[in-house]
Amino acid sequence: MIVNTPKPPYYAVIFTNTLSDDTTGYEEMANRMVELAEQQPGYLGMESVRDGLGITVSYWQSLDAIKAWKQNVEHLNAQQLGKDKWYSAFTTRIAKVERDYSLY
């Protein structure tokens, strides 16, 4: 589903990844991270696709909200498991959205 974001400016965290061969527990953790992110102050929504390459874009009101999410204890645990087990490669990019337009 396409997220209905507020009028810019706001921020996008773009997480691009490829999975390793061992994805045991990955889906459960990914679902928990969505549930947890939705509870975070400043969270605006998320869009995610996987077809070999995984791309998840989460939207946030501010850089402070992103920083707080990055430091969430459960999220820190998931990040470490991702580095140690689930991802063969990943990149995180943070961008300020200056303009957007839509067709719904």
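What you see is a predicted model; the values in this text were computed from it and never measured.
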Can you tell me how far OG of Ser58 sits from CD of Gln40, rounded to the nearest 0.5 angstrom? 11.0 Å
Taking all atoms of both residues into account, what is the closest heavy-atom pair of Val97 and Ala12, and its distance? CG2-CB, 4.2 Å
Are Glu98 and Pro8 close enough that some pair of their side-chain heavy atoms sits under 4.5 Å apart? no
Pairwise side-chain contact, Leu19 with Arg50, heavy-atom cut-off 4.5 Å (strictly under): yes
Met46 and Val34, any side-chain heavy atoms less than 4.5 Å apart: yes
Check Asn17 against Leu53 and note the closest heavy-atom contact, atom names and distance. O-CD1, 3.5 Å
Do other residues, nucleotides or ligands put more than 12 heavy atoms under 6.0 Å from Tyr101 OH? no
Main chain of Val3, side chain of Glu47: is a donor-acceptor contact present, judged purely on distance under 3.5 Å? yes
Where do Gln39 and Arg32 come nearest, in terms of heavy atoms and distance? NE2-NH1, 4.4 Å
Run the numbers on Phe90 and Lys83 for side-chain contact (heavy atoms from CB on, under 4.5 Å), then give the verdict. CA-CA 9 Å; Phe90 69 86; Lys83 290 175 187 176; 3.9 Å; yes
Tell me if the aromatic rings of Tyr10 and Trp60 count as close, with their centers under 6.0 Å from one another. no
Ala65 to Gly42 - nearest heavy-atom pair and separation: CB-CA, 3.9 Å
Please answer whether the main-chain N or O of Ile55 pairs with a side-chain N or O of Thr16 as donor and acceptor at a distance below 3.5 Å. no
Tyr26 backbone acceptor or donor facing Thr23 side chain under 3.5 Å: no
Does a donor on one side chain and an acceptor on the other come within less than 3.5 Å for Lys70 and Gln79? yes
Working to the nearest 0.5 angstrom, can you tell me the gap between Met33 CE and Thr56 OG1? 12.5 Å
If you measure from CG on Leu44 to CG on Asn4, what distance do you get to the nearest 0.5 Å? 10.0 Å
Given 3.5 Å as the limit, does a donor-acceptor pair link the side chain of Ser20 with the main chain of Ser88, or not? no
Polar side chain donor-acceptor pair, Asp22 to Thr24, under 3.5 angstrom: yes
Under 4.5 Å between side-chain heavy atoms, counting indirect links through other Ile/Leu/Val/Met/Phe/Trp/Tyr residues: same cluster for Met29 and Val13 or not? yes
Treating Ile, Leu, Val, Met, Phe, Trp and Tyr as nodes and any side-chain heavy-atom pair under 4.5 angstrom as an edge, say whether Leu36 and Leu76 lie in one connected cluster. no
Do Tyr11 and Tyr59 make the cut of ring centroids closer than 6.0 angstrom? no
Would you say Val49 and Ile14 are hydrophobically clustered, going by side-chain heavy atoms of ILVMFWY under 4.5 Å? yes
Please check if Ile66 and Tyr43 belong to a single hydrophobic cluster, counting links between Ile, Leu, Val, Met, Phe, Trp and Tyr side chain heavy atoms closer than 4.5 Å. yes
Would the number of heavy atoms belonging to other residues, nucleotides or ligands and lying under 6.0 Å from CD of Glu38 be above 12? yes
Any heavy-atom pair between the side chains of Tyr87 and Thr18 that's under 4.5 Å? no
